[in-house]
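Some notes on the structure that comes next.
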Amino acid sequence: MGQALYRKYRSKSFSEVVGQEHITKTLEKALKNGKISHAYLFTGPRGVGKTSIARILAHAVNGLPYDETKPHLDIIEIDAASNRRIDEIRELRERVHSAPAAARYKVYIIDEVHMLTKEAFNALLKTLEEPPEHVIFILATTEAHKVPETIVSRTQRFAFKPITTERIVSHLQDIAHREKVNISDDALQLLAQHGGGSFRDSISLLDQVSSGNEKIDRHHVKVILGLVADEEIDSVITTVQLKNPRESLKLIDNLLSKSTPAQIAKQLADKVRALLLDEPAVADALRTLARELIEVPSSHDPAAALQLAILTASMPQPATASQKPSPEPQPASLPQPEPEIAPVKTKNQELTPERMVDDVIQKDIWMKTLAEIKKHHATLYGIARMATATVTNNDLHLSCEFPFHQKQLSDTKNLQIITDTVKRLSGDEYVVKVTLRATVPKRTSPKTETKPSSTIETISNIFGDAEVLES
């Protein structure tokens with residue numbers, strides 16, 4: 001079995017490191033002047049050289065040649081994700097007092113140090129405060145904000161930068177030339193973009209696509225990586241901008257048969273981001289869509305989250321929506337509902353502003369519930385705000401127009417979130433009931449009847465086996 005390319009081309013000296021010259025030059029100068037710190041902290045994105053430079057530095061301070069195939073007894077690497085408890089750090093504290101076996105310094109490289117528990121950090125801090133003369137710590141992390149300031153203040157910190165796409169493409173071209181990989185420049189460009197600023201990930205992708213001897217082009221890379229065509233992504237964005245939910249959902253359904261929801265969301269988010277930068281006047285719906293797409297991969301149901309994000313962004317907005325801003329509730333004034341949120345009803349009547357003060361839902365419980373859910377559960381908020389709320393005694397009845405919305409709100413986890421939020425805000429127990437709207441009055445105007453009915457039919461067919469409702 002051949003050696004992986006990212007390991008074969010891992011930097012073995014400061015001069016071989018690409019894209020982090022601000023760090024390598026500083027470290028080389030410090031070593032030349034004999035200014036060695038007892039602790040270093042390397043922070044930055046994954047795959048940009050933190051661990052490689054840590055290993056190079058560990059060998060350099062000891063005057064040892066770097067050969068990763070021959071581990072050295074005095075250079076100890078620890079994965080904090082697997083050794084995060086206080087017991088492991090206490091054991092480390094005991095071992096640091098023993099002298100190096102053969103080298104001048106005993107060097108501990110602790111990767112992903114932010115994974116340590118609070119107790120483990122406290123134990124490590126005691127060692128960093130009074131370290132033995134023969135010990136050097138090199139801490140590395142992708143999440144510097146999770147490292148306690150007490151630890152940071154006792155280290156020399158070096159911030160690693162993401163690698164530019166141009167530098168990655170150049171590096172990949174060099175590797176492809178050495179490995180005799182026949183690949184086009186635009187294919188390398190795609191690999192670099194998909195690598196997300198990480199040398200390691202980009203090189204691994206090159207390794208993945210270069211298994212055969214044929215010419216590798218951009219299309220070949222897309223097929224292997226499970227990417228959908230740019231034209232298809234553009235079509236989805238266009239239908240969203242044209243406020244055509246039927247066509248948007250049809251296109252998304254087709255894309256889900258070709259790729260994963262997370263990958264589709266990433267490609268859509270990249271396209272929306274580019275549009276927002278190039279065309280600042282782009283519709284507000286795309287700004288909202290960009291935020292919702294980011295949450296798709298972490299959703300418990302990524303496919304549904306993706307479909308909902310596209311549905312919400314492509315739904316036509318009321319003509320007067322821009323004329324009715326929704327100010328934050330103020331103590332001295334009565335809060336106004338957001339234009340897109342269905343009106344709250346009580347005792348089967350609309351809850352008008354005049355009745356809100358004296359009615360069952362004082363202080364507008366449902367609106368406050370939606371606002372609270374929006375802070376922590378954006379996908380659930382996108383569904384809940386489309387429901388019509390009716391209150392009778394201690395029953396909160398949510399009426400949904402679409403079967404998909406009813407199914408999502410009736411989910412045990414989502415229902416519990418709504419129930420708990422209402423109770424926390426009102427102090428009362430409400431029984432939340434979710435139903436599908438039984439009847440919707442037909443519109444009498446022939447000019448506005450065809451398109452909405454067609455849209456609802458498509459949404460109903462996609463999201464649930466239910467009776468088609470006219471609007």
Side-chain angles (χ1 to χ4, degrees), residues 1-25 27-28 42 44-60 64-72 75 77 79 109 111 140 142 160-230 258-260 262-263 266-267 270:
M1 183 173 63
Q3 186 180 25
L5 289 183
Y6 83 89
R7 294 190 61 185
K8 183 176 180 179
Y9 289 96
R10 176 181 285 157
S11 302
K12 298 176 178 60
S13 66
F14 288 127
S15 61
E16 293 181 7
V17 176
V18 179
Q20 307 297 344
E21 289 79 7
H22 64 295
I23 293 176
T24 56
K25 290 181 180 178
L27 291 175
E28 284 184 303
F42 292 169
R46 62 193 300 270
V48 295
K50 297 187 300 296
T51 304
S52 293
I53 291 183
R55 292 170 178 166
I56 294 169
L57 178 60
H59 286 78
L64 298 171
Y66 181 14
D67 185 351
E68 66 175 13
T69 63
K70 299 177 181 179
H72 198 281
I75 299 177
E77 294 191 32
D79 179 11
I109 301 174
D111 198 17
T142 55
F160 285 63
K161 301 176 181 178
I163 312 299
T164 64
T165 301
E166 291 73 19
R167 295 293 293 272
I168 294 178
V169 169
S170 177
H171 196 56
L172 292 179
Q173 287 174 331
D174 181 56
I175 294 175
H177 177 72
R178 296 187 190 185
E179 295 294 319
K180 296 180 172 56
V181 176
N182 189 6
I183 184 169
S184 65
D185 288 345
D186 59 346
L188 291 176
Q189 181 83 14
L190 184 58
L191 291 178
Q193 292 171 348
H194 201 67
S198 166
F199 266 137
R200 183 177 64 238
D201 291 354
S202 299
I203 295 172
S204 295
L205 291 174
L206 175 62
D207 204 359
Q208 180 181 343
V209 303
S210 60
S211 56
N213 297 319
E214 71 276 12
K215 170 79 176 195
I216 303 170
D217 56 19
R218 188 179 179 88
H219 174 73
H220 185 82
V221 170
K222 282 193 170 186
V223 172
I224 293 178
L225 299 184
L227 303 178
V228 296
D230 294 338
K258 302 178 181 179
S259 187
T260 65
Q263 180 56 55
K266 181 181 184 303
Q267 288 187 254
D270 289 343

To the nearest 0.5 Å, atom OG of Ser13 lies from atom NE2 of His59 at 12.5 Å
Return the CZ to CD1 distance between Arg7 and Ile203, rounded to the nearest 0.5 Å.
13.0 Å
Measure the shortest side-chain to side-chain distance between Leu188 and Leu191 over non-hydrogen atoms and say whether it is less than 4.5 angstrom.
yes
In sequence, state the C-alpha distance, the side-chain angles, and the governing distance for Leu172 and Ile183, and then conclude on side-chain contact (heavy atoms from CB on, under 4.5 Å).
CA-CA 10 Å; Leu172 292 179; Ile183 184 169; over 6 Å; no
Should Gln20 and Ile163 be marked as a side-chain contact (heavy atoms from CB on, under 4.5 Å) after you check the CA-CA gap, both sets of side-chain angles, and the distance that decides it?
CA-CA 8 Å; Gln20 307 297 344; Ile163 312 299; 3.4 Å; yes
Sub-3.5 Å donor-acceptor pair from the side chain of Lys12 to the main-chain atoms of Arg10, do we have one?
yes
Considering all heavy atoms of both residues, which atom of Ile109 and which atom of Ala58 are nearest to each other, and what is their separation?
CD1-CB, 4.3 Å
Quick check: does any side chain N or O of Asp207 sit under 3.5 Å from a backbone N or O of Leu5, one acting as donor and the other as acceptor?
yes
Let me see the working for Leu227 and His194 under side-chain contact (heavy atoms from CB on, under 4.5 Å), right down to the final yes or no.
CA-CA 10 Å; Leu227 303 178; His194 201 67; 3.5 Å; yes
Distance col, row Ile56:CD1 vs Glu28:CD, nearest 0.5 angstrom, shows 9.5 Å
Closest heavy-atom pair, Ser202 versus Gly195, reported as atoms and distance to 0.1 Å, is OG-CA, 3.5 Å
Are Leu225 and Gln208 side-chain neighbours, meaning at least one heavy-atom pair lies under 4.5 Å?
yes
Minimum heavy-atom distance between Ile216 and Ala187, given as atom pair plus value:
O-CB, 4.0 Å
Does the side chain of Asp230 come within less than 4.5 Å of Arg218's, by heavy atoms?
yes
Should Arg55 and Ile75 count as side-chain neighbours, where that means a heavy-atom distance under 4.5 Å?
no
Student check: side-chain heavy atoms of Glu179 and Tyr9 closer than 4.5 Å:
yes
Please answer whether the main-chain N or O of Asp217 pairs with a side-chain N or O of Lys222 as donor and acceptor at a distance below 3.5 Å.
no
Any side-chain heavy atom of Lys8 sitting closer than 4.5 Å to one from Ile175?
no
Starting at CD1 of Ile168, measure out to CG of Leu206 and round the result to the nearest 0.5 Å.
12.0 Å
Main-chain N/O of Gly226 paired with Ser259 side-chain donor or acceptor, under 3.5 Å
yes
Side-chain donor-acceptor pair under 3.5 Å between Tyr66 and Glu16, yes or no?
no
Under 4.5 Å between any side-chain heavy atoms of Ile53 and Phe14, yes or no?
yes
Suppose we screen for side chain to side chain contact (heavy atoms under 4.5 Å, CB included). Which residues come up paired with Asp174, at least two apart in sequence or across chains?
Arg178
Can you tell me if His219 has over 12 outside heavy atoms packed within less than 6.0 Å of its NE2?
no
Ser204 and Tyr6 have their tightest heavy-atom pair at OG-CD2, 3.7 Å
To the nearest 0.5 Å, tell me how far Ser15 OG sits from Lys25 NZ.
12.0 Å
Taking the side chain as every heavy atom from C-beta outward, state whether Gln267 and Gln263 have any atom pair closer than 4.5 Å.
yes
Worked check of side-chain contact (heavy atoms from CB on, under 4.5 Å) between Asp185 and Val169
CA-CA 8 Å; Asp185 288 345; Val169 169; 5.8 Å; no
To the nearest 0.5 Å, tell me how far His220 NE2 sits from Lys215 NZ.
12.0 Å
Ser170 side-chain N/O to Glu166 backbone N/O, donor-acceptor pair under 3.5 Å
no
